[in-house]
2 protein chains.
Amino acid sequence: MSYGCERGDNDVVTGRSRRLEYSESTRQALVDSAVELFTKRGYAGTSLDEVAKRARVTKGALYHHFSGKQALFEAAFDAVEAKVMGRLGEIVTAPGDPWETAMAGLRAYIQVCLESSYQRIVIHEAPVVMGWERWREAEEHFSFGVLRAAIELLVDAGEIEVVSVEITTRLLFGALSTAATMIASASDPKKTSADVVASLTRVVHGLRLPQAVRLGAECAAESKSSGRRSRHR
Amino acid sequence: MSYGCERGDNDVVTGRSRRLEYSESTRQALVDSAVELFTKRGYAGTSLDEVAKRARVTKGALYHHFSGKQALFEAAFDAVEAKVMGRLGEIVTAPGDPWETAMAGLRAYIQVCLESSYQRIVIHEAPVVMGWERWREAEEHFSFGVLRAAIELLVDAGEIEVVSVEITTRLLFGALSTAATMIASASDPKKTSADVVASLTRVVHGLRLPQAVRLGAECAAESKSSGRRSRHR
DNA sequence: ACGAGTACGTACCGGCGGTATGTCGTACGG
DNA sequence: CCGTACGACATACCGCCGGTACGTACTCGT
């Protein structure tokens, strides 16, 4: 990349030498390799030699860029989360009816959870490898933060009523995590996915305030978008 | 078989020689040691030499009783689950109002989840160490099975309405698991615990049928048509 | 009493995470 | 233009740990 520039303005402006570019490239290759192997064989089942080999470097290079196996895992974690957040963020922050937006976000997140990298690295292994406390802290900046923002939106819009936003968010997050695992290991992921969305919709529906339902519009809109198969009156 | 009466009554009844008793005793010591160390330092952070040392035997003895580290972990897993099931089972199977029984079971399960052994071994590490599929299979015979039975009871009693018992159970199980972790790592576990129960009660309340409790008439009418086929599995 | 089998202990191997050290190229000051 | 300091790796090695092979003492049935 940018070979032709040959000491062009780009390098001068960014202050990045060719050396730094190479370095960043190998680092990225290591992270990519780590994501792939951690996803396929898990944290314990992946050796650092293997990760380095797949990135076409040696373990020495790996230890130059990362302080150890844990640090490499966290880099892989961040990479997966960053990729996911791009797609998810814009859906939730999109303008429009809060209820509709929330439901779209729910479906989008379940879709994200079907990705094997996200499932194994972020959901399953991360709490064990990084420790739950650190995992929770990291999640604040990623999916968990988005989820809470969505719920706060619903509460502020007077759509639903909860005892505590923090606790509700965490409970829902746990439910979504297991839902993701369930869907991924189901014989018919498509159908299971639809059933999960239906169940969750039913649950969240139970939290709706009477005055929000009485408006009627959202209810109809939600019915229409939630699925061609469930609700007819 | 059934050798002479010259032994004590205990041996005759059980048919166990003193040698077998010793063997069983060391095996139990190994399991106890494993539960303790796996709880404190996790699966990866625990060495078999350490487990054996704490049980006052060597690694050879350990490998005589268990095929490897995984098998030892599963034995520890079973031990923790068995201990938990004793307390939990009788609460859920107790006669009385289904709703009250379910709520008592919910509180009891959260109490169980506060135990560090259950939390770390069963909830956090087991899915990673045993693999999710095997973990799920094992859980069928333990806490998950109890939880589903409780929900089926509520559904059959006409208390609540769900889209699918299986999915609802799994979602609730996931929510409870994260709730447990949240409570355990909270600065004020007592208060957090109470808030969690309140939030969950609120959620389950949203699933109640109109004849069980009256609130949100319009919403109830809409949701009635959504799940007239609640029992299928 | 004596072979057989059980319940361990002992010694060792291979793999893997981590470290210490060497090497090569590039940026940089004089 | 040249030495030099430093960054980006490679190589060699160590210690721990899971797993295996084998030895041994004790018991049990005949």
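Numbers restart at 1 for each chain; the letters A, B, ... are given by sequence-line order, proteins then strands.
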ask   = Does a nitrogen or oxygen in the side chain of B:Thr26 sit under 4.0 Å from OP1 or OP2 of C:dC8?
value = yes
message = For a quick test of reading the model: is some side-chain N or O of A:His64 closer than 4.0 Å to OP1 or OP2 of D:dC9?
response = no
inquiry  = In whole Å, I'd like the distance from the CD atom of B:Glu50 to the P atom of D:dC17.
reply    = 8 Å
message = Using the side-chain heavy atoms of B:Ala61, tell me which of these nucleotides is nearest: C:dG17, D:dC17, C:dC8.
response = C:dC8
remark   = Rounded to whole Å, CG of B:Leu72 lies from P of D:dG19 at a distance of 10 Å
query = Base, sugar-phosphate alone, or nothing: which one does B:Ser47 contact when heavy atoms must sit under 4.0 Å apart?
reply = sugar-phosphate
For atom NZ of A:Lys59 and atom P of C:dG17, their distance in whole Å = 7 Å
request  = May I ask you to list the residues of residues 28-39 of chain B, by number, that have any heavy atom positioned under 4.0 Å from an atom of DNA chain D?
outcome  = none
task = Run the salt-bridge test on A:Lys53 and A:Asp49 with the 4.0 Å N-O cut-off and return the result as yes or no.
result = no
task = Report the distance from atom OH of B:Tyr22 to atom C1' of D:dT27, rounded to the nearest whole Å.
result = 12 Å
request  = Look at B:Arg170 together with B:Glu140 and state whether they make a salt bridge at an N to O cut-off of under 4.0 Å.
outcome  = yes
message = Just the rounded figure in Å: distance from P of D:dC17 to CG of B:Leu62.
response = 14 Å
Nearest to side-chain heavy atoms of A:Tyr63, which nucleotide of D:dA10, C:dC8, C:dG18 = C:dG18
note = Of C:dG18, D:dT11, C:dA7, the nucleotide closest to the side chain of B:Ser23 is C:dA7
request  = Measure the acute angle between the ring planes of A:Tyr43 and A:Phe73, then classify it against the limits of 30° and 60° as parallel, tilted or perpendicular.
outcome  = perpendicular
ask   = Can you check the A:Phe66 CZ to C:dG18 P distance for me, whole Å?
value = 13 Å
task = Specify the separation, in whole Å, of atom CG of A:Asp49 and atom C1' of D:dC13.
result = 13 Å
inquiry  = Quick one about A:Tyr118 and A:Ser143 (side-chain donor to acceptor, distance below 3.5 Å, no hydrogens or angles considered), yes or no?
reply    = yes
task = Give a yes or no on this: more than 12 heavy atoms of other residues, nucleotides or ligands lie within 6.0 Å of atom CD of A:Glu115.
result = yes
task = Round to the nearest Å and state the distance from B:Arg56 atom CZ to C:dC8 atom C1'.
result = 15 Å
request  = State whether a side-chain donor-acceptor pair under 3.5 Å links B:Thr39 with B:Ser116.
outcome  = no
query = In terms of the nearest nucleotide of DNA chain C, which residue is placed more toward the 5' end: A:Gly60 or A:Leu48?
reply = A:Leu48
message = Regarding A:Thr46, tell me which of base, sugar-phosphate or nothing describes its non-hydrogen contacts under 4.0 Å with the strands shown.
response = sugar-phosphate
task = Specify whether B:Trp135 and B:Phe173 have parallel, tilted or perpendicular ring planes, treating 30° as the upper limit for parallel and 60° as the lower limit for perpendicular.
result = tilted
request  = When you get a sec, tell me which of D:dC17, D:dT11, C:dC8 is the closest nucleotide to the side chain of B:His65?
outcome  = C:dC8
